[in-house]
Amino acid sequence: MSNTPTERAPETDKPQRHFIQQIVDSDIESGKWGSPGDRSVVKTRFPPEPNGYLHIGHAKAIHISYGIAQEFGGTFNLRFDDTNPVKEETHYVESIAGDLEWLGAKWDGEIKYASDYFDRMYEWAMELIEKDLAYVDESTPEEIRSMRGSVEVPGTPSPYRVRPIEESKAQFARMKNGEFPDGSMVLRAKIDMASPNMNLRDPVMYRVLNAPHHRTGSTWHIYPMYDWAHGLEDSIEGITHSLCSLEFEDHRPLYDWFINAINTERDEPIHHPQQIEFARLAMSYTNMSKRYMRELVEGDHVSGWDDPRMITIAGHRRRGYTPKAIKDFVSIVGVTKFNAVMDVSRLEGAIRDDLNKRAPRRMAVLDPIKLVITNWGDGGDESRVEMMDVINNPEDDSAGKRSVKFGKELWIEREDFMIDPPKKFFRLGPDREVRLRCGYWVRCHDYETDSDGNVTTIHCTYDPETKGGNNPPPDEEGKVRKVKGTLHWVYAGDCVNAEVRLFDRLYNAEKPGKATGNHLDDLNPDSLVINTNAKIETSILERTPDEPDWVDGIRRFQFERIGYFCVDRESTIDAPVFNRTATLKDSWSKQNR
RNA sequence: AGGGGAUUGGUGUAAUGGUAGCACGGAGGUUUCUGGUACCUUUAGUCAGAGUUCGAAUCUCUGAUCCCCUACCA
């Protein structure tokens with residue numbers, strides 16, 4: 001080695017490769033799965049059990065596996081791991097496939113099912129018995145558990161471990177034929193009852209389960225266990241890189257053992273995929289455990305699995321999230337073996353970034369208060385209506401402008417007016433002047449209150465020289481008048497009354513349930529505020545040409561100065577409903593905390 | 001007789017024996033007809049201790065902390 005430090009290569013913009021990409025890179029280079037350099041051999045899969053709904057954590061797994069297949073020009077399978085009929089339903093198959101489609105993960109060919117491979121798995125199991133690598137154990141579940149030992153004490157062999165091969169074969173065949181009751185016996189791999197890896201202490205391969213299966217009906221009376229089935233499913237499909245989460249690290253030796261066991265004394269070995277584990281996603285202020293989500297739904301703490309506050313894919317879709325935002329978020333998260341906890345604000349940031357660029361702007365007043373322009377009739381008709389050109393999206397010139405009505409009576413946001421405002425309040429108050437966005441400048445000279453002191457009406461004068469919201473001409477001394485604030489507004493003579501649903505995070509605690517042991521104790525009572533009195537410009541009722549073609553057909557907007565909203569699936573022309581996807585960043589209220 | 005993983009600013013993530021970088025957040029500022037956006041400046045880090053080496057986030061050892069594993073669930 002040289003004594004002088006070597007010159008480091010100049011900084012390149014080479015994209016950083018995560019550890020799984022690096023493994024695949026070197027596999028392609030070495031030709032591990034085909035001829036060296038052939039990238040198209042890469043094959044990955046997403047293998048959900050159809051027993052529940054997908055959440056953001058699944059989106060990470062999907063984008064990792066799908067992303068690898070896509071970037072290498074390989075293939076990606078969607079396979080349902082339907083090996084436990086008592087928990088699985090066709091309904092979940094449909095919802096999961098729908099979620100993948102929405103996320104934009106396109107699987108190759110037909111949807112695959114583990115249950116399609118049950119015959120082959122059975123034959124291979126029989127071969128293992130013949131090789132004296134598996135046996136039928138008629139011990140009770142309790143006996144099996146107690147003989148397994150513990151992490152610190154080795155297990156003890158079952159008396160059935162040494163029974164004749166022919167006997168096991170006969171019993172296994174009878175198991176398949178449905179001759180035994182549930183739980184009466186199992187097929188076990190003969191590995192090592194003293195292994196420090198508990199998974200290797202003669203794991204169960206098949207259990208008796210006289211239950212109908214959502215796809216195979218009543219043909220089977222035995223069902224394979226995950227460890228036996230999963231590697232075989234991957235093998236049958238020719239998966240090269242079987243990506244899963246960290247808790248399966250201890251299962252990898254078993255994954256490999258089963259395939260090697262099948263391949264011993266076999267002329268044509270079956271395909272042997274490589275299992276690679278990565279850290280699953282965790283996020284602050286939420287919990288992705290199936291149990292927690294079920295308790296939220298079944299306890300009516302949310303309206304359903306697609307409640308916009310849920311961490312599910314369906315919930316995010318209804319909330320107005322875009323598939324792109326979720327994909328962007330997942331790529332921010334990265335791929336490592338470190339159990340990181342992502343802050344939810346990063347997900348909120350991802351949807352803001354996307355919607356800021358794409359969402360058309362509209363004006364909507366959530367908590368309306370009447371503003372009357374007292375000099376509107378001066379020199380003309382008081383009922384006069386003017387059309388204002390309003391910009392559709394300042395981030396996108398091609399979105400153009402739209403025409404919005406402006407007249408004597410308007411709605412403005414209640415929080416945009418204060419009777420006795422602090423100095424830094426750049427909005428409306430007595431004797432203050434503001435700009436109404438793309439409208440006119442108005443100055444407040446009076447206001448009315450009800451008996452409780454709540455402001456009911458604001459009286460203003462407008463400056464005809466500020467039409468369109470533009471600066472008035474300079475005065476005699478050449479000075480230009482300025483305003484600090486610009487408010488959104490809706491013309492009271494022509495607007496839509498709508499319901500808006502304002503969502504906030506479901507839990508108040510960073511780790512729900514950590515303090516008391518019950519996540520329901522950390523529920524945020526204000527996670528949903530329904531506002532039925534919002535006023536929105538009428539253009540919102542029908543799709544206009546400036547609205548982008550959202551891939552899922554959901555209409556999304558930015559309500560100026562308020563946040564991002566989408567049309568809820570319950571919305572109708574007569575009763576419009578909008579969901580708040582995210583607020584805008586608000587440095588004013590933050591400053592006042 | 002336990003085993004398997006992990007640990008880099010507040011957070012997430014690069015650096016694969018040779019300049020600890022990026023993003024988000026925080027702070028300050030510029031622009032702005034959204035207190036949005038954009039832009040600029042700034043802030044802050046290798047779990048600890050030994051060892052190998054000219055040189056260690058990276059290799060070795062010891063320790064600490066966290067996660068996973070004892071379903072006929074996946």
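On a predicted model such as this, the values are computed, not experimentally measured, just so you know.
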### Message
Please confirm whether the shortest side-chain N or O distance from K585(A) to OP1 or OP2 of G35(B) is below 4.0 Å.
### Response
no

### Message
So if I take every side-chain heavy atom of E249(A) and compare against G4(B), U34(B), C73(B), which nucleotide ends up nearest?
### Response
G4(B)

### Summary
Each base of RNA chain B marked ( ) or [ ] if paired in-strand (Watson-Crick or G-U under 3.5 Å), | if paired to another strand and . if unpaired gives .((((((..((((....[..))))((((((.......))))))...(((((..]....))))))))))).....

### Message
Run the ring pair (Phe, Tyr, Trp, His ring centres under 6.0 Å) test against H221(A) and tell me which residues pass, sequence neighbours left out.
### Response
none

#### Entry: Full working for side chain to side chain donor-acceptor pair (under 3.5 Å) between E49(A) and Y226(A)
CA-CA 10 Å; E49(A) 183 187 16; Y226(A) 168 85; over 6 Å; no

### Task
Among the candidates G12(B), C73(B), A1(B), find the nucleotide nearest to the side-chain atoms of P154(A).
A1(B)

#### Entry: Those residues that, when tested against Y507(A), pass ring pair (Phe, Tyr, Trp, His ring centres under 6.0 Å) (two or more places apart)
H519(A)

### Query
Distance only, no hydrogens: is a donor on one side chain within 3.5 Å (strictly under) of an acceptor on the other, for Y53(A) and D99(A)?
no

### Message
Taking the minimum atom-to-atom distance to the side chain of Q16(A), which one of G3(B), U34(B), G21(B) wins?
### Response
G21(B)

### Query
For the side chain of A340(A), counting heavy atoms from C-beta on, which of A74(B), U34(B), U13(B) is nearest?
U13(B)

### Task
Using only heavy-atom distances, determine whether the side chains of S242(A) and R45(A) contain a donor-acceptor pair under 3.5 Å.
yes

### Message
What contact category does E49(A) fall into here, base, sugar-phosphate, or nothing, at under 4.0 angstrom with non-hydrogen atoms?
### Response
sugar-phosphate

### Task
Return yes if the base of G36(B) and the side-chain atoms of E395(A) contain a donor-acceptor N/O pair under 3.5 Å, otherwise no.
yes

